[in-house]
Amino acid sequence: MRKLTALTALLLSGAIFSAAAFEETTRNNVPDSVIFHSYPLTESTQIVGKDETYLIDPQGVTTLEYVAAHYKLGLSNMIEANPLVDPIVPLKGSNLIVPLRLILPQAKREGIVINSPEMRLYYYHDNVVDVFPIGIGEVGKGTPLNWVTKVERKRANPTWTPTAQMRREAAAAGEPLPAVWPAGPDNPMGLFALYVGKLFAIHGTNADFGIGLRVSHGCVRLRHDDIEYLFNNVPVGTRVAFINQPLKYVKTPDGAIYIEVHQPLSRTVEEFEQTQNQPFDFTPEDQAFFADPEIDQEILQRALQERNGRVILLNPAKF
């Protein structure tokens, strides 16, 4: 986790967010139109999307955040899929894996499902699922896990009222906060908010670089276009489920067995800052899945170790 920790510090410092750093130098590789991930659903749909590759212009300059934003992914998705790539200065002329293929989580396919370990929000409606990258709460200010609630209300141009604890922490860091942050593009909540439960929100942000990172005070953040879409399309009363599934797996009707592995969420600052992988809390369902005799155990163990967030076939000998 040390690589991601150091990157988070750089992002929050603003050190790499000059106009030059985000200059468009790879336009031939990414369409100018907004990429929107919406997939048709049937009762048997279990895997959606398709991985792609992105060629970094040999003469250009880019970052993993730039690529993630154009493909509607979180930064952590790109880091997981490209663990040997420097996220700030990736090697010119190299190919990046863009992890767009995914297994749908094991959850009721209704309304909004937020799977924090993979930094994705799923919106199920009208026989489709829309998939968006998110930013979540810092360690110790965690986004809820295993919670079912609903959208209580919506608000355009929200104001932000920092808690007393937030104001104390900000003052101690030499960056005092107002009692109420006025609405507008500089508001940390962005321009749209869906309030879920009583005191929690799914909202925009004035800092897109936090998408795919643990940088909020617990709420779920989305890029502007994504939260605007949800604001305009998600009705008040919509079911919202928060889940914690770093492991997603499925056996398809034709017998193919797949797994998608993400890094579990760190529970303490010490866990977040350590370099080794976080331990999994395997459920009885996980253990039963691992025991399937058709699974190639070597591939499974490699997937559990690498945690690259990609869909991996576990019984290739059959296909």
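None of the values given here were measured: they were computed from a predicted structure.
Between the side chain of Lys154 and the backbone N or O of Leu230 there is no donor-acceptor pair closer than 3.5 Å. Within the 3.5 Å criterion, the main-chain N or O of Tyr71 finds a donor-acceptor partner in the side chain of His37. Under the 3.5 Å distance criterion, the side-chain polar atoms of Asn315 are matched with a main-chain donor or acceptor of Ile257. Judged purely by atom type and a 3.5 angstrom limit, Asn77 uses its side chain to pair as donor or acceptor with the backbone of Glu118. In terms of modelled atom types and a separation under 3.5 Å, the side chain of Asp254 and the main chain of Ala256 share a donor-acceptor contact. No donor-acceptor distance shorter than 3.5 angstrom exists from the side chain of Arg223 to the backbone of Lys72, with no hydrogens or angles considered. Using modelled atom types, no side-chain atom of Gln245 and backbone atom of Pro105 make a donor-acceptor pair closer than 3.5 Å. Under a 3.5 Å cut-off, the side chain of Gln297 and the backbone N or O of Phe290 do form a donor-acceptor pair. Between the side chain of Gln287 and the backbone N or O of Phe282 there is no donor-acceptor pair closer than 3.5 Å. A donor-acceptor contact shorter than 3.5 Å links the side chain of Asp51 to the backbone of Arg101.
The CG atom of Leu64 sits 11.0 Å away from the CG atom of Leu73 when rounded to the nearest 0.5 Å.
Put simply, Leu222 and Val113 are part of two different groups of oily side chains (I, L, V, M, F, W, Y) that touch within less than 4.5 Å, one to the next. In the hydrophobic clustering of ILVMFWY residues, with side-chain heavy atoms under 4.5 Å counting as a link, Ile112 and Phe132 come out together.
Within a 6.0 Å sphere centred on NZ of Lys318, other residues, nucleotides and ligands contribute more than 12 heavy atoms.
Trp147 has its side chain out of reach of Val240: every pair of non-hydrogen atoms, C-beta onward, lies at least 4.5 Å apart. Taking 4.5 Å as the limit, every side-chain heavy atom of Glu306 sits out of range of all side-chain heavy atoms of Ile312. Under the 4.5 Å side-chain criterion, counting only non-hydrogen atoms from C-beta, Ile114 is not in contact with Pro144. Residues Tyr122 and Val48 are not in side-chain contact: their nearest non-hydrogen atoms beyond the backbone lie 4.5 Å or more apart. Annotation: side chain of Glu285 is not in contact with side chain of Gln106 (no heavy-atom distance under 4.5 Å). Under the 4.5 Å side-chain criterion, counting only non-hydrogen atoms from C-beta, His125 is not in contact with Asn233. The shortest distance between side-chain heavy atoms of Leu314 and Asp296 does not fall below 4.5 Å.
The aromatic rings of Tyr66 and His70 sit tilted, their planes meeting at an angle between 30° and 60°. The aromatic rings of Tyr229 and Tyr123 stand perpendicular to each other, their planes meeting at an angle above 60°, with 30° marking the opposite boundary.
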Working for side-chain contact (heavy atoms from CB on, under 4.5 Å), residues Asp57 and Thr62:
CA-CA 8 Å; Asp57 190 325; Thr62 193; over 6 Å; no

Before you tell me yes or no, could you show the steps for Leu191 and Phe231 under side-chain contact (heavy atoms from CB on, under 4.5 Å), namely the whole-Å CA-CA distance, both residues' side-chain angles and the distance that decides it to 0.1 Å?
CA-CA 10 Å; Leu191 299 178; Phe231 181 87; over 6 Å; no

For Tyr124 and Leu41, run side-chain contact (heavy atoms from CB on, under 4.5 Å): C-alpha distance rounded to whole Å, both residues' side-chain angles, the deciding distance at 0.1 Å, then the answer.
CA-CA 9 Å; Tyr124 293 93; Leu41 287 178; 3.4 Å; yes

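Only one option out of Asn244, Leu145, Val220 pairs with Ser116 in a side chain to side chain contact (heavy atoms under 4.5 Å, CB included); it is Leu145.
Nearest approach of Met119 to Leu213, heavy atoms of both residues: CE-C, 4.0 Å. Taking every heavy atom of both residues into account, Thr53 and Val98 meet most closely at C-CG2, 4.2 Å. Nearest heavy-atom pair, Phe200 versus Cys219, reported as atom, atom and distance to 0.1 Å: CZ-CA, 3.3 Å. Contact record, Val250 with Gln46: CG2-NE2, 3.1 Å, taken as the closest heavy-atom pair. In terms of heavy-atom proximity, Glu65 sits nearest to Ile211 at OE1-O, 4.5 Å. Nearest heavy atoms, Tyr195 versus Thr159: OH-O, 4.3 Å.
Salt-bridge annotation for Arg120 and Glu80: absent, with no side-chain N of the basic residue lying under 4.0 Å from a carboxylate O of the acidic one.
Residue pairs meeting the ring pair (Phe, Tyr, Trp, His ring centres under 6.0 Å) criterion with at least one partner in residues 243-264, sequence neighbours excluded, are Tyr249-Phe289.
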